[in-house]
Amino acid sequence: MDWYPESGETPLFRDVATFAEGRAPKVRDKRWFRDDQGRDISAELPGWPQLPTPEKKGDKAAKAGRTLGILGKATAVVVAGTVELLSPGGGSNVNFKGPDGAEPADPALEVEDFPVMCAAAGSTARSAPYQLDPERRPNRSYRTDLQLTDRRLLVLGSASVQQPAEVLWELPLELVAGARQHAFSTFGADVSVTFADGSWVRLDLRSRGSAAKAVAILNGQTEPVVLNAAQQAAVDSWSSALPKPVDFVVNAVDAAAGIVSVEAKAHVGKKVVNAGSITLDAEGKPVR
């Protein structure tokens, strides 16, 4: 699955990406595509294969619509913080917890409903490729990657690891308003990417480290985090027993103190699996 940047372009991140899926009981393993009023738009997305879409109760769709409208009109809030949402009875749903103890920050969008796209007519998010939805892919071996550079956001697709990647979607970073990592997701891997026109998509990047890295880049931190000599030596020693080849996702935990986290991704056959992570201080010593 090869892909090459343009001349002078610096690749900053690449990992498997799909549309996220629900985690709470009412929405488990589900995903919906909505406009900013909460209306399902699956049948309106250009070139998308049609799938049967479960009907949602009117009150849930209406509630999601109100919330989606808030998110669309307050991009800065979506990127930098969370929206306080209430259950139908007036009480907060934040007491609902996942198996890892994570609580939903947006109950109407994570517990009652689970949109992975909020896109008014003509907005950027509507141009996302259908291949990001595992249920619409041509075959089970098809893979999509999120590729970020210092210039662009791209989605790459390939029918197998032996075939070259196809560019399914590309946007200049100027069209991205920011991104937010969601705690209430499998392994903390969900990321909402919000565009300048207020539309957004929610992606599953497979791991907490990948999500943190992508969010940092999409929020303007386009300079790659580089390990110093002591940290590199520690990573080499730590990863010596891991199956090869192995790639590393490096994130700044505390830039001022020089603390970084390193997540290993090992290639096992045709799969890329998480092989562990380590957090190091500026002297290359592990820290909790």
Side-chain angles (χ1 to χ4, degrees), residues 10-18 20 23 78-82 94 97-106 110 145-150 153 173 176 178-194 202-269 271-288:
T10 303
L12 300 176
F13 171 88
R14 179 171 172 177
D15 207 344
V16 176
T18 64
R23 184 179 182 189
V78 175
V79 174
T82 59
V94 296
K97 294 184 178 181
D100 59 0
E103 298 179 349
D106 303 318
E110 296 180 314
D145 283 8
L146 176 66
Q147 171 73 64
L148 302 177
T149 77
D150 59 347
L153 176 155
L173 287 185
V176 178
R180 176 163 67 101
Q181 185 174 6
H182 296 275
F184 191 70
S185 62
T186 304
F187 308 119
D190 284 13
V191 170
S192 287
V193 182
T194 305
R202 180 166 175 156
L203 304 176
D204 177 0
L205 299 187
R206 301 269 296 269
S207 75
R208 187 183 304 274
S210 288
K213 181 73 172 180
V215 165
I217 293 170
L218 291 171
N219 284 338
Q221 302 171 27
T222 56
E223 292 296 324
V225 178
V226 179
L227 300 175
N228 63 32
Q231 292 167 336
Q232 185 63 61
V235 169
D236 291 343
S237 175
W238 165 70
S239 63
S240 60
L242 295 178
K244 303 297 187 296
V246 62
D247 298 325
F248 299 99
V249 178
V250 183
N251 300 295
V253 175
D254 186 337
I259 299 175
V260 299
S261 69
V262 181
E263 184 174 3
K265 294 184 175 297
H267 295 253
V268 181
K271 296 183 178 180
V272 179
V273 300
N274 295 323
S277 62
I278 189 172
T279 301
L280 302 169
D281 64 16
E283 298 179 353
K285 297 179 180 179
V287 297
R288 295 186 63 179

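This chain uses plain numbering: 1 for the first residue, then up along the sequence.
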Test salt bridge (charged side-chain N to carboxylate O under 4.0 Å, His left out) on K265 and D247; report intermediate values, then the result.
CA-CA 5 Å; K265 294 184 175 297; D247 298 325; over 6 Å; no
side-chain hydrogen bond (donor to acceptor under 3.5 Å, both in side chains) test vs S192 passes for just one of Q181, R180, H182, namely H182
For K213 and V249, the nearest pair of non-hydrogen atoms, with its separation, is CB-CG1, 3.8 Å
Looking only at heavy atoms, what is the nearest atom pair of F13 and S210, with distance?
CE1-O, 3.5 Å
May I ask you to check whether E263 and S207 show a side-chain donor-acceptor distance below 3.5 Å?
yes
Passes side chain to side chain contact (heavy atoms under 4.5 Å, CB included), L280 versus V235? Steps please.
CA-CA 9 Å; L280 302 169; V235 169; 3.8 Å; yes
Kindly give the heavy-atom pair with the smallest separation between A179 and N219, and that separation in Å.
N-OD1, 2.8 Å
Any donor and acceptor pair, going by atom type alone, linking the side chain of Q231 with main-chain N or O of V260 inside 3.5 Å?
no
Note, R23 side chain near F184 side chain (heavy atom, < 4.5 Å)
yes
Determine whether a donor-acceptor pair (N or O, by modelled atom type, separation under 3.5 Å) exists between the side chain of S237 and the backbone of A233.
no
If I take atom CG from residue D150 and atom CD1 from residue I217, how far apart are they, to the nearest 0.5 angstrom?
10.0 Å
Treating D281 as the side-chain partner and I259 as the backbone partner, does any N or O pair qualify as donor plus acceptor under 3.5 Å?
no
With a 4.5 Å limit on heavy-atom distance, are the side chains of D190 and L203 in contact?
no
Ignoring hydrogens and angles, tell me if any N or O in the side chain of D145 forms a donor-acceptor pair with the backbone of R14 under 3.5 Å.
no
Quick check: does any side chain N or O of T149 sit under 3.5 Å from a backbone N or O of P11, one acting as donor and the other as acceptor?
no
So do L205 and D15 actually touch side chain to side chain, heavy atoms under 4.5 Å?
no
Can you check whether V193 reaches L146 side chain to side chain, under 4.5 Å on heavy atoms?
no
Side chain N251, main chain V262, donor-acceptor under 3.5 Å
no
Of all the heavy-atom pairs spanning A252 and V225, show the shortest one and how long it is.
N-CG2, 3.8 Å
Hey, are Q232 and N228 close enough side-chain-wise for a donor-acceptor pair under 3.5 Å?
no
Salt-bridge test for R202 and E110: reply yes if a basic N is under 4.0 Å from a carboxylate O, no otherwise.
yes
Reported CG-to-OG distance for the pair D204 and S185, which is rounded to 0.5 angstrom
7.0 Å
Give the minimum heavy-atom separation between A275 and L242, together with the two atoms involved.
O-CD2, 3.7 Å
A230 to A282 - nearest heavy-atom pair and separation
CB-O, 4.4 Å
May I ask you to test the T194-V176 pair for a side-chain heavy-atom distance under 4.5 Å?
no
Atom CH2 in W238, atom OG in S277: separation rounded to 0.5 Å?
6.0 Å
